[in-house]
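Below, chains carry the letters A, B, ... as their sequence lines are ordered, and counting in each starts from 1. Source: prediction; values computed, not measured.
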Amino acid sequence: MTMLQFYPIDVTYKVLAGRAVVHIYGRTVENKQICIIDDAFEPYFYVIPENGASASDLMTLLENYKNGEEGKENKVTSVKQVVKTLNGRDEDAIQVFVNLPRAVPGMRHEISKMEGVKSVLEYDIFFTRRYLVDRKIVPLILTDVETEPIENPKRSRVPCFKAKSITQNSNDSLDELNILAFDIETYNPEGRLSLPEKHPIIMLSLYGKNFKKVITWKRFNADLDYIEFVDGEAELIERFKEIVNEISPDLLVGYYSDGFDLPYIIKRGEKYKIKIDIGLDYDKAVLPRGNAKSIDTTGIVHVDILNFIKRVISRRLKTDSMKLNAVAGELLGEVKDDVDIEGLAEAWDTLSPELKNYAKYNLQDSKLTYDLCEKVLPNLIELVKLIGQTIKDTNRMSYSQLVEWYIIRRADEFNQFIPNRPHHKELEKRMSERVKGAFVYEPKPGLYEGVVVFDFRSLYPTIIVSHNISIETLNCDCCKEKEKVPLDTKQLWFCSKKEGFFSTVLKEIITRRMRVKEIMKKSDEKKRVFLDARQESLKTLSNSFYGYLGFFAARWYSKDCARSVTAYGRHYIHRVIDGAKKKGFDVLYSDTDSVFMHLNDKTEKDALNFCDEINAKLPGMMELEYEGTYPRALFVAVKESGVGAKKKYALIDQKGQLVIKGFETVRRNVSPIAKATQEKVLRIVLQDNNPKKAFEFVRDVVTRLKEKRVGTEDLTIPTRLTRSIDSYESIGPHVAAAKRLKERGVEIYPGMIVRYVVTSNGQKIRDKVRLPEEVRKGEYDSDYYINNQVLPAVEKILEVFNYSSDDISKGKKQSKLGQYF
DNA sequence: GATTGGCGGGG
DNA sequence: GTGTACGCCAATC
């Protein structure tokens, strides 16, 4: 028997000789890939006996239970009596061990209908995930194993060891993973998406540390040292497999490769009877079945990095497009090569010298994918270590799943059963339940000087912790006479004696984050990247706890807990608003956790003192924070009502930076001239405090539009087609533009962005539409751009200063505006 | 205005 | 594989 240390990377299980055997792939401390095999873990679930039913009778019955055909039998192997808590109530239960994971779904329905059975619990916890939780193993953390080597292991590309014991006793983790990125180019003469039934893969690129390669199967003149020519598509696929297994990276990374690249390679492989058996266990990668979306390769983990970016990273990105170009542009400051991808098929057919540029383009896509993966990997790794599930799974988890799997891992420590997921009827009920949300104080439209902003630090998480909000502390018997949740509709309270499971777990996450932030201050640059990713993961996780409580599919769902959180939120924000008014500040605006106060004749110091007074009375972890002082703030009206618009305001800070919220400056289907005018007007108003100048600027834009001095590029409106043009009932401008494109022989497909200019040819908008390349400079409908683009973008801003749209277009002013002229 | 349906990413 | 996305926008009633 020898001791071995390794870092787990991937976990799977195989059925060997009628037993489920867990296989953990990873790297040793010497950086060798290995597989640890553990055959001592058994699948199980729980049965709760009916009240009053005899648990021992039921145990005897279950002990000998079996079903299924011979050879495919589902059998109970043993039973054990346990007591655990389910949503605050202690339950006597029977833990039922079975022969195979598939026996659990195979028998749980029948068992749940047996006499004396109240319910069945934990029947849908995936075997390998359960293994990690029960064995307290966290992927990527240094693991000690007592092993015996296995001679001549079957179906393994790496040495295998049988585990006698497996434990983690260290915080040391594997933070540098070997990445190989890949990308394919396909042949598609019809000029839209390729069909794997018809169109071959013509290029495939791979990019790793000190490795770059483009494989293609037509020879052309290309003076590129990374090109490798092979004889055909089948050879291309074989070569791809060879390289992946030669390099044997930890991660095989693509961009939308769950949805495009890997399924495409698999389907083209089928045509030549080539299996994509690149995993360390030789299992062939298969297309997702049913509703599945992921493609798994064992040991060499397939990571579609788009998943992670979309789910976790996108929150902090400005772009709303998840295209590789947009994401790489923002995260890396680097973009895709600029080639006309529509011309690839023709270049391929004619063996054009352009193919060299397509090869470069192909490699560049893999490089961007590699760099993106490297960039977000610290975040993914920290999340893996926090949640305790594999890279493969964590990469594809939504926030609610991340919270849920974190809680599941902690449940056993607190002796908690994992509640069942809601079924159809319950889901329907939950979906119809609405929780009253946050309080919004509507602003009075206007330009204000001297504005201080305060907000509650992590409002909802700190409420949950400070008020001990948790399913099992809700309306306890012991605290009936204590403080109630500030709600008119219902009497709710939370235990003040016993700490709740949900709130305790959340509290630990918050304190851990504070500790990490402290350590960060004393760390060097390299460490700080990981620590920053860690505190970021802890933050996103803690911010998701409230949402999880009210998420309809959550195991730990509680509408009463969720509504208590928002009720306390409204309560505390009102406390700030009322207190500020009493002190003589004008409250301008408030939304959920923030308050905008007008200083009036008071100073910033007065405001800070006020903040201190509020903080002195807040419970537990709750804290009101000073966000900043702004020399000017602008609030605009919504429609005709004169009421201030919510979530739409603009500020200028003391350094002259604009903070613009809710204005349409970034919306897609607006012309550049309208966007730019809006931004400029906000800057003039906030920076120069000169509405007249803003007004005149707009009037000048209007004049330039009238005099046809605006260039076509500033007038081009981009809009996305959402379906095929024939299926549109009404011909909107973008549909008319699409039709013109089609007439010119351009393939039209749903999802494409059409760009058009509105001219004065005809009556209806659809007749006025032209493609940018069809119009000469000055050929456009001034009235349309003035009345439908520019004016709506600035109207609400200028209205604050009593300018109306008529004033601008006519160049006149109303008499009451004398003060500005 | 509320509800429903389909899309995103990829060549 | 002890299962299987989800949040948003646009179209439509």
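Under the 3.5 Å distance criterion, with hydrogens and angles disregarded, a donor-acceptor pair is assigned to the side chains of A:Y557 and A:E433.
A heavy-atom distance below 4.5 Å is not found between the side chains of A:V11 and A:P139.
With distances taken from any side-chain atom of A:K310 to the nucleotides B:dG11, C:dT2, C:dA5, the minimum falls on C:dA5. Here the side chain of A:F126 is nearest to one of C:dT2, B:dG11, B:dG9, namely C:dT2. Which of C:dA5, B:dG11, B:dG9 sits closest to the side chain of A:D183 comes down to B:dG11. Side-chain proximity of A:K293 to C:dC6, C:dA5, B:dG11: nearest is C:dA5. Of the candidate nucleotides C:dT2, B:dG9, B:dG11, B:dG9 has the atom nearest to the side chain of A:K323. Distances from the side chain of A:R421 to the nucleotides C:dC6, B:dG11, C:dT4 place C:dT4 closest. The A:F551 side chain lies nearest to C:dC6 when the options are C:dC6, C:dT2, B:dG10. Residue A:V104 places its side chain closer to C:dT2 than to any other of B:dG11, C:dC6, C:dT2. Candidate nucleotides B:dG10, B:dG9, C:dC6 were compared by shortest atom distance to the side chain of A:S400, and C:dC6 ranks first.
Residue contacts for A:Y44: at a heavy-atom cut-off of 4.0 Å it reaches a base atom on one of the strands shown. A:Q401 comes within 4.0 angstrom of nothing in the nucleic acid, heavy atoms only. Here A:D258 lies out of heavy-atom contact (under 4.0 Å) with every strand. Using a 4.0 Å heavy-atom distance criterion, A:I184 is classed as a sugar-phosphate-only contact. A:P43 comes within 4.0 angstrom of a base, heavy atoms only. When heavy atoms are screened at a 4.0 angstrom cut-off, A:D365 is found touching the sugar-phosphate backbone but no base atom. In this structure, A:F45 reaches neither bases nor backbone, as no heavy-atom distance under 4.0 Å exists between it and the strands shown. A:K336 comes within 4.0 angstrom of sugar-phosphate atoms only, judged by non-hydrogen atoms across all strands, and of no base.
Applying the 4.0 Å criterion to OP1 and OP2 of C:dT2, one finds that A:Y13 has a side-chain N or O inside that range. Phosphate contact (OP1/OP2 of C:dC6, side-chain N/O of A:S398, threshold under 4.0 Å): present.
Here B:dG8 presents its P atom at 21 Å from CD1 of A:I305, a figure rounded to the nearest Å. Regarding A:I266, its CD1 atom lies at a distance of 19 Å from the P atom of B:dG10, rounded to whole Å. At whole-Å resolution of the value, CZ in A:R102 and C1' in C:dT2 are 12 Å apart. Note: CE (A:M203) to P (B:dG11) measures 13 Å, nearest angstrom. Rounded to whole Å, atom C1' of B:dG10 lies 13 Å from atom CG of A:N362. Across the protein-nucleic acid pair, A:I125 atom CD1 and C:dT4 atom C1' stand 14 Å apart, rounded to whole Å. Residue A:D393 contributes atom CG, which lies 14 Å from atom C1' of C:dA5 at whole-angstrom precision. Going from atom CZ of A:R315 over to atom C1' of C:dC8 covers 14 Å, rounded to whole Å.
Comparing the P positions of C:dT4 and B:dG6 gives an interatomic distance of 22 Å, to the nearest angstrom. Here, B:dG9 and C:dC6 have their C1' atoms 14 Å apart, quoted to the whole Å. C:dT2 and B:dG8 have their P atoms separated by 32 Å, given to the nearest Å.
A salt bridge between A:K198 and A:E190 is present, with a side-chain N of the basic residue lying under 4.0 Å from a carboxylate O of the acidic one.
In this structure, A:E122 and A:I418 approach most closely via the heavy-atom pair OE2-N, 2.8 Å. The shortest non-hydrogen separation linking A:T592 to A:A438 is OG1-CB, 3.4 Å.
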Inset, instruction - Mind running salt bridge (charged side-chain N to carboxylate O under 4.0 Å, His left out) on A:K367 and A:E334 for me, showing each step along the way? - result: CA-CA 10 Å; A:K367 178 184 185 291; A:E334 192 178 344; 3.2 Å; yes
Legend entry - Derivation of the salt bridge (charged side-chain N to carboxylate O under 4.0 Å, His left out) call for A:R396 and A:D304: CA-CA 8 Å; A:R396 294 173 175 88; A:D304 179 352; over 6 Å; no
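No option in A:D10, A:D258, A:D296 other than A:D296 meets the salt bridge (Lys or Arg N to Asp or Glu O under 4.0 Å) test with A:K392.
Shown for residues 277-287 of chain A: no residue has heavy atoms falling under 4.0 angstrom of DNA chain C.
Of the possible donor and acceptor atoms, one in the side chain of A:E233 sits under 3.5 Å from a partner among the backbone N and O of A:I201.
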